[in-house]
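Worth knowing before you read on, the calculation uses all heavy atoms, side chains too, and leaves out hydrogens, waters and symmetry mates. Labels below follow one simple rule: chain letters A, B, ... track the order of the sequence lines, proteins then strands, and each chain is numbered from 1.
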Amino acid sequence: MELYKTNQLKIYNSLSKTKEDFKPIVEGNVGMYVCGPTVYSNVHLGNVRTFMSFDLVFRYLKHLGYKVRYVRNITDAGHLENDADEGEDRIAKKARLEQIEPMEIVQRYTVDFHQTLQTINNLPPSIEPTATGHIVEQIEIIKDILEKGLAYEINGSVYFDVLKYNETEHYGILSGRNIEDSIHNTRELDGQSEKKNPQDFALWKKADERHIMRWPSPWGVGFPGWHLECTAMSTKYLGETFDIHGGGLDLKFPHHECEIAQSKVKNNVKPVNYWMHANMLILNGQKMAKSTGNYILPNEIFSGENTILSKAFTPSATRFFMLQAHYRSVLDFTGAGLEASERGFIKMMEAFNKLDSVATSQTSSLNISDWKQKCYDSLNDDFNSPILIANLFEAAKYVNLLVDKKETITQLDLNEFKTTIHSFVYDVLGLQNDLQSDSSEKIAGVVEMLIKMRNKARDNKNWALSDEIRDELASLGIQLKDGKDGTTFSVN
RNA sequence: GGCGUCGUGGCCGAGUGGCUAGGCUGGGCUCUGCAAAAGCUCCUACAGCGGUUCGAAUCCGCUCGAUGCCUCCA
């Protein structure tokens with residue numbers, strides 16, 4: 001039987017601002033859409049956190065036995081720099097600055113995006129559509145909205161009529177805004193006189209002569225607006241109403257609000273059942289962002305080449321650091337925090353690596369099924385990974401005590417214990433065991449030999465020699481640990 | 001200015017009416033030739049001020065502070 005039948009998952013829905021029981025539209029199947037990156041520069045750690053949060057969601061849903069279609073787009077048409085801009089988007093601008101084709105920019109940073117997410121061990125989505133690959137679909141949606149009178153055309157551009165929409169619907173339903181408030185509080189921007197109201201947003205923008213990325217349309221040559229691609233691609237691959245829509249908290253307004261409006265007009269149904277928003281990663285007390293220069297790149301962490309960290313950290317340690325905070329909490333990135341997480345992570349993995357050497361007994365001193373249920377309970381409660389990790393630390397301690405023969409476990413329980421740990425650590429949390437990878441069997445053999453020699457020296461009470469062996473190995477990063485049943489070692 | 005979120009022990013971070021996570025750091029102990037590792041243990045907190053309640057870190061109000069969105073953003 002599928003696990004989801006016995007595990008009622010609760011998801012915090014940004015739309016209702018409450019945790020709700022998760023019930024997919026079609027039993028056993030989940031459609032999930034997550035807003036992907038605009039590929040005009042390298043993804044920074046803040047971007048990675050969001051995608052890793054939804055990777056956890058994806059992995060856990062799959063673990064529960066759901067068949068998941070996970071769609072995450074690549075925004076390769078660029079967004080406008082701002083309203084006042086003469087139709088220049090970020091990708092086109094970068095292409096002009098670097099004197100290359102816009103699609104070279106797209107290619108370069110799409111590759112970087114994929115490599116980075118793979119390095120941190122995110123699973124690829126089921127479908128990864130691009131904005132430029134769905135121009136036709138976007139034009140069709142615009143036509144439909146125009147026909148329904150909720151959009152208007154001016155000088156080759158088409159805008160969504162937010163005020164008219166708000167007469168029958170609530171523009172601001174997701175972000176908790178009222179259109180009346182924003183009318184009085186919108187900052188004045190220059191050069192936007194073309195729109196009827198400042199709140200209106202573009203569905204199609206006319207391309208001027210300089211604009212490189214351009215497509216023909218019923219309204220002339222141009223390119224799609226900022227928010228349309230997600231509506232086009234999510235409904236195309238997941239249907240008019242689908243289960244989960246995710247994205248960074250900073251996309252809640254206006255991006256997701258606009259998506260709701262467009263989709264509601266087009267299909268006249270509620271587009272999404274569960275809205276999920278991942279919170280921001282902050283650095284130096286501020287949100288990480290490309291535009292402000294306040295960011296750190298994942299590769300800078302893995303290589304140690306940066307000014308904030310004292311050393312390099314593995315992708316798994318970095319992932320573990322982020323998983324120790326809940327996805328809806330702001331997480332503060334610091335070198336000290338990462339170091340503390342790494343220490344804990346190494347300890348935990350060292351304990352789990354000893355699982356194979358555990359001896360079994362007639363009874364178990366820990367109730368394995370209770371412990372296992374606590375693990376499930378933690379993730380069932382809106383993907384509470386910090387609680388899951390706390391439970392895993394409890395398991396690690398138990399393993400250490402088992403090795404010391406201070407606790408007991410039956411063979412049957414040990415099998416279930418191992419399977420559960422493996423599932424949660426590797427499959428669900430997506431962590432990797434990078435402790436053993438660089439200790440090849442040959443090195444292990446050499447170290448075992450040195451341990452034997454050292455034991456002889458110890459038997460002869462030749463402490464000088466035994467300590468020399470230990471200290472020399474330590475300086476090479478190999479640590480000896482004398483236990484009751486002999487000496488073991490670990491490679492740092 | 002508008003709409004939000006948050007303020008937890010030395011640090012990071014869960015919890016969100018009574019059962020008071022977890023990790024890192026520091027002190028003590030056990031084990032050990034010494035050390036390391038491991039285990040045990042100690043330092044026991046909820047910004048401030050009021051209120052509701054038998055009982056509040058958790059609910060309500062105010063104050064202070066931080067931060068997100070309101071312009072592209074994960």
Side-chain angles (χ1 to χ4, degrees), chain A residues 17 34-38 40 43-54 75 78-85 89-90 172 175-178 180-187 189 192 198-199 226 246-255 257 277-282 285-292 320-321 324-326 328-334 336-345 347-348 350-351 354 374 378 381 384-394 397 399-401 403-404 406-407 458 461 463 466-467 470-471 474 479-484 487-490:
Chain A
K17 293 186 167 60
V34 172
C35 292
T38 304
Y40 71 96
V43 280
H44 62 250
L45 196 65
N47 302 118
V48 169
R49 185 193 181 199
T50 295
F51 299 124
M52 194 207 67
S53 297
F54 289 105
T75 297
H79 292 180
L80 292 183
E81 280 280 282
N82 59 54
D83 263 1
D85 204 292
D89 71 44
R90 295 191 155 213
S175 55
R177 287 157 207 268
N178 290 311
E180 291 79 15
D181 294 336
S182 58
I183 288 170
H184 298 300
N185 290 297
T186 302
R187 289 188 214 160
L189 293 169
Q192 58 178 18
Q199 289 73 31
W226 316 274
L249 194 60
D250 50 355
L251 295 185
K252 203 173 185 181
F253 187 92
H255 184 60
E257 206 70 72
H277 289 97
N279 216 321
M280 299 292 103
L281 185 68
I282 64 170
Q286 308 273 184
K287 172 187 167 185
M288 238 181 241
K290 293 167 196 163
S291 54
T292 56
F320 189 75
F321 165 75
Q324 275 191 299
H326 187 88
R328 281 193 289 116
S329 295
V330 172
L331 175 62
D332 188 13
F333 180 86
T334 61
L338 187 53
E339 270 177 50
S341 281
E342 186 195 42
R343 288 211 179 99
F345 176 60
K347 274 191 188 179
M348 194 179 89
E350 277 181 349
K354 288 188 273 188
K374 280 199 291 179
S378 61
D381 184 18
N384 199 324
S385 55
I387 298 284
L388 172 62
I389 289 172
N391 288 325
L392 289 174
F393 272 112
E394 191 190 319
K397 189 183 198 174
V399 172
N400 283 325
L401 288 168
V403 171
D404 283 355
K406 287 174 182 163
E407 298 277 0
R458 293 173 76 202
K461 303 217 186 295
W463 308 126
S466 72
D467 287 356
R470 181 184 64 199
D471 297 342
Q479 195 171 46
L480 298 187
K481 299 164 186 176
D482 294 336
K484 273 183 182 169
T487 304
T488 57
F489 71 96
S490 65

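- Between C69(B) and Lys287(A), a contact under 4.0 Å exists linking OP1 or OP2 to a side-chain N or O.
- The residue among Leu480(A) and Ala325(A) whose nearest nucleotide of RNA chain B is located toward the 5' end is Ala325(A).
- Contact annotation: Asn400(A) reaches the phosphate of G39(B) (side-chain N/O to OP1 or OP2, under 4.0 Å).
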Scan nucleotides 22-33 of chain B nucleotide by nucleotide, 5' to 3', and note B when protein non-hydrogen atoms come under 4.0 Å of the base, S if they reach only the sugar-phosphate, - if neither.
SSSS-------B
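- In this structure, Asn384(A) and Pro386(A) have side chains that are in contact, with non-hydrogen atoms separated by less than 4.5 Å.
- Checking Cys35(A) against Lys17(A), the closest nucleotide of RNA chain B that is more toward the 5' end is the one next to Lys17(A).
- Taking only side-chain nitrogens and oxygens, Gln286(A) comes nearer than 4.0 Å to OP1 or OP2 of G68(B).
- To the nearest whole angstrom, the two P atoms, one in C70(B) and one in C54(B), are 46 Å apart.
- The shortest side-chain heavy-atom distance between Pro37(A) and Asn47(A) does not fall under the 4.5 Å cut-off.
- Comparing the P positions of A35(B) and G28(B) gives a spacing of 12 Å, expressed to the nearest Å.
- In this structure, Asn279(A) does not reach the U5(B) phosphate: none of its side-chain N or O atoms is under 4.0 Å from OP1 or OP2.
- The closest side-chain heavy-atom distance from Thr38(A) to Lys290(A) is not below 4.5 Å.
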Can you run through RNA chain B from 5' to 3' and write each base as (, ), [, ], | or . depending on how it pairs? Watson-Crick or G-U wobble, both distances under 3.5 Å.
(((((((..(((.....[...))).(((((.......)))))....(((((..]....))))))))))))....
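- Rounded to the nearest Å, the gap between the C1' atom of A47(B) and that of A38(B) is 39 Å.
- A donor-acceptor contact under 3.5 Å is formed by the side chain of Arg177(A) with the base of C69(B).
- Inter-residue side-chain proximity for Thr292(A) and Gln286(A) is flagged as unmet; no heavy-atom pair is nearer than 4.5 Å.
- Checking A37(B), C70(B), C72(B) against every side-chain atom of Lys481(A), the shortest atom distance belongs to A37(B).
- A heavy-atom distance below 4.5 Å is not found between the side chains of Glu342(A) and Phe320(A).
- Summarising the geometry, atom CG belonging to Leu45(A) is positioned 5.0 Å from atom CG belonging to Leu281(A); distances are rounded to the nearest 0.5 Å.
- Within 4.0 Å (heavy atoms only), Gly46(A) reaches at least one base atom of the nucleic acid.
- Taking the P atoms as reference points, C19(B) lies 25 Å from G13(B), given to the whole Å.
- Of the side-chain N and O atoms in Ser490(A), none sit less than 4.0 angstrom from OP1 or OP2 of A37(B).
- Using a 4.5 Å heavy-atom threshold, the side chains of Met288(A) and Arg49(A) count as separate.
- Looking at heavy atoms from C-beta onward, Asp482(A) lies in side-chain contact with Arg458(A) at the 4.5 angstrom threshold.
- With C1' as the reference atom, G15(B) and U8(B) are 10 Å apart, rounded to whole Å.
- Listed by chain and residue number, nothing satisfies the side chain to side chain donor-acceptor pair (under 3.5 Å) test with Lys406(A) (two or more places apart in sequence, or in another chain).
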